[in-house]
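One structure, as structure tokens, below. Some questions next.
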Protein chains: 2
Amino acid sequence: MINYELYKVFYWAAKTGSLSKAAKLLFITQPSVSHAIKQLEDSMGITLFYRNSKGVALTQEGATLYSYIEKSQILISLAEEKMAALKNLDSGELRIGGSDSLFKHYMLPYLETYHRKYPGIKLHLNHGTTPETIAILKEGKIDLGVVRLPIVDPQLEVMEGIQLQDCFVAGAKYAELKDKVLSLELLLQYPIILFSRNSRVRMAITELFESYGYQIKPEIEVGSVDLLIELARKGLGISYVTKEFISKELEDGSLFEIQLDIKMPPSQVGFMMMRNLPLSNAASKFIELLK
Amino acid sequence: MINYELYKVFYWAAKTGSLSKAAKLLFITQPSVSHAIKQLEDSMGITLFYRNSKGVALTQEGATLYSYIEKSQILISLAEEKMAALKNLDSGELRIGGSDSLFKHYMLPYLETYHRKYPGIKLHLNHGTTPETIAILKEGKIDLGVVRLPIVDPQLEVMEGIQLQDCFVAGAKYAELKDKVLSLELLLQYPIILFSRNSRVRMAITELFESYGYQIKPEIEVGSVDLLIELARKGLGISYVTKEFISKELEDGSLFEIQLDIKMPPSQVGFMMMRNLPLSNAASKFIELLK
DNA sequence: ATTGATCATAGACGTTATCTATAGCTCCTG
DNA sequence: CAGGAGCTATAGATAACGTCTATGATCAAT
């Protein structure tokens, strides 16, 4: 089997028409090049170059070989450039899975900073529920997932992010509740708007109410946090949303938080990635940014 | 600079999805492959494979590298196949320069034998005068030339071929000359047909006559040996041709040789090639055949 | 004739590719 | 659940071979 390193030498010798020049470009000495070419010729049983005191010139057969090797070498050069770009993060991609609301209300500033720092990296945001995100993470379709904890999966490594506080909010229509402290029973008298059934937040609130002996049944169910906010503002009911995601509405008074007589447990955002699988360069820089 | 040999290892590891299998295919041990891949990863600063107990799988970046390297390796394989074919003379070309008449009347059987033995070799016959043939030989456009000797050129190596005998011939119209022995003076009374001025044979006969104090001036001048023969048969004059090329006509009596009172010097056919430049495999096999 | 290129050759050296031996891991099976 | 059969990683020894220096041979140009 021919040592492919010899083709590199052959390529430069043929390209420059000189063993000495090839040697300089390859940072080796001229006898080494001479020896390498000889080796190639011997192992092929074909003379590749005509030698004279001005340099070397390809024979017919050498020229035939060159026509293949040239293309091959160019591909390798392109590969090396591409790899260098991937390493410098001048190129590449970062694929993140998670919920749209977390992307919009929590990740956005990080994504912006990252993109400004590494404009060559393509960002792929893959929205889906927590189980969906875990699934595509295991399939290798994303580098990391952003979801609500807890996640218990031995294959996954989890890094904690911000802590969020969910709460019930209402708009002007329910202004009467503004300074009251409601019991769960009383709250349930009002029309409730919740996120759709398969979400982690929805599961959490359902369990919480059950632990107090109540069943929470929404009047309206939606699939978007923005809609949840909008419906509460318009007075269609009381929404259960993440407090940090509605800071604007709380400030301008279009929504207010409903005080409850129990403490709502905080919810923890986390980043998950495959345990034992190395992160791509692009992904580990992003993780660094998050810390 | 990355050792291209590592790409060969990378290629097989990626292709088979297993370092052990790659090792077998490359006739080295598994730790060597493991080491080679590690080296490649280190020098690029990029993880190329995910490893687990079932084998290895390309990472995103590894897959990107593979897309280039695969093409490159395939080209090298094609090159190696092509070179093997060139060496076995399953492929390649043999380019010969010389005069059409030598090709037709002298080389033909050799060319046929050669072609039967090496049907994959393309034959290029490049007809031209002796100086033209020498010129294209020096330009590297042909592997060898077939011409009349003598050739004196330090750059060329000459191998002697057959010895030919030129002579004057006539057809039925000049039947009266059949058993006579003519002097040059007498011969010149008849219309002479010669090959065109720039040929080696023409120069030789001109010089020969001059050495005896005569000037030979043809009635007709032609550029083809076949025409020379045909014109003599039709009785348009006495042609100066190579005896060996008209054996058929001499036998069937359509032409007869004119006896002269001087001995015509023989002319030597020779093969010439570039001194100091190695012959292609295809060409040296042809030379062998000629011997 | 001399200088300055070129490539080829020989022999010594030292890097490094490869090997053996072994460990660690995961999956499968009796 | 223990043990076997894959797989890859690691460590250290060894030997191959790629590279070097020194020199020769050839040719072209000054």
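Note on naming: letters A, B, ... go to the chains in the order of the sequence lines (proteins, then strands), and numbering restarts at 1 for each one.
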Rounded distance (Å) that lies between atom C1' of dC7(D) and atom CZ of F49(B):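 My rounded result for the distance is 14 Å.
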
Toward the 5' end of DNA chain D, by each residue's nearest nucleotide, N52(A) or K24(B): K24(B)

Atom-to-atom span, OH of Y50(A) to C1' of dT6(C) - whole angstrom: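 That distance rounds to 18 Å.
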
Q39(B) side chain, from C-beta outward: closest of dT20(C), dA17(C), dC25(C):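 For Q39(B), the side-chain atoms sit closest to dA17(C).
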
Phosphate OP1/OP2 of dA17(C): any S32(B) side-chain N/O under 4.0 Å: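 No, because none of the side-chain N or O atoms of S32(B) sits under 4.0 Å from OP1 or OP2 of dA17(C).
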
Atom pair distance, as rounded to whole Å: NZ in K54(B) and C1' in dA5(D):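 For the pair K54(B) NZ and dA5(D) C1', the rounded distance is 14 Å.
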
Residue-phosphate contact under 4.0 Å: K38(A) side-chain N/O, dT9(C) OP1/OP2: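 For K38(A), the contact criterion (side-chain N or O under 4.0 Å from OP1 or OP2 of dT9(C)) is met.
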
Selection from dT21(D), dG18(D), dC7(C) that lies nearest to any side-chain heavy atom of T29(A):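 Comparing dT21(D), dG18(D), dC7(C) against the side chain of T29(A), the answer is dT21(D).
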
Under 4.0 angstrom between S18(A) side-chain N/O and dC7(C) OP1 or OP2: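 Checking S18(A) against dC7(C): at least one side-chain N or O falls below 4.0 Å of OP1 or OP2.
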
Short side-chain N/O contact from R51(A) to OP1 or OP2 of dT6(C), under 4.0 Å: no

Phosphate contact (dA8(C) OP1 or OP2) by S34(A) side-chain N/O below 4.0 Å: yes

Atom pair distance, as rounded to whole Å: CG in L277(A) and C1' in dT8(D): 14 Å

Of the listed nucleotides dC20(D), dA28(D), dA8(C), the one nearest the side chain of S53(A):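 The listed nucleotide nearest to S53(A)'s side chain is dA28(D).
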
Nearest listed nucleotide, side chain of P31(A), among dT18(C), dA22(D), dA5(C): dA22(D)

L26(B) CG to E5(B) CD distance, which is reported to the nearest 0.5 Å: 8.0 Å

Nearest to side-chain heavy atoms of S20(B), which nucleotide of dA17(C), dC7(C), dT8(D):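 Nearest listed nucleotide: dT8(D).
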
Interatomic distance, F27(B) CZ vs dC19(C) C1' [rounded to whole Å]: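 To the nearest whole Å, that distance equals 17 Å.
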
CA sep, side-chain torsions, deciding dist, call: F10(A), F49(A), ring-ring contact (aromatic ring centres under 6.0 Å, His included): CA-CA 10 Å; F10(A) 168 76; F49(A) 289 103; 5.5 Å; yes

Heavy-atom donor-acceptor pair, Q30(B) side-chain to dA9(D) base, under 3.5 Å: yes

d(NZ, K21(A); P, dT6(C)) in whole Å: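 It works out to 7 Å between those atoms.
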
Distance in angstrom units between E5(A) CD and dT15(C) P, rounded: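 Computing the E5(A):CD to dT15(C):P distance gives 18 Å.
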
Between CG on residue N198(B) and OG1 on residue T130(B), distance to nearest 0.5 Å: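 Taking CG in N198(B) and OG1 in T130(B), the distance rounds to 9.5 Å.
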
R200(A) with E132(A): basic N within carboxylate O range, under 4.0 Å: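 Salt bridge: no.
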
Separation of atom CG in L19(A) from atom P in dT9(C), rounded to whole Å: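 Nearest whole value for this atom pair: 12 Å.
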
M1(B) CE to I28(A) CD1 distance, which is reported to the nearest 0.5 Å: 8.5 Å

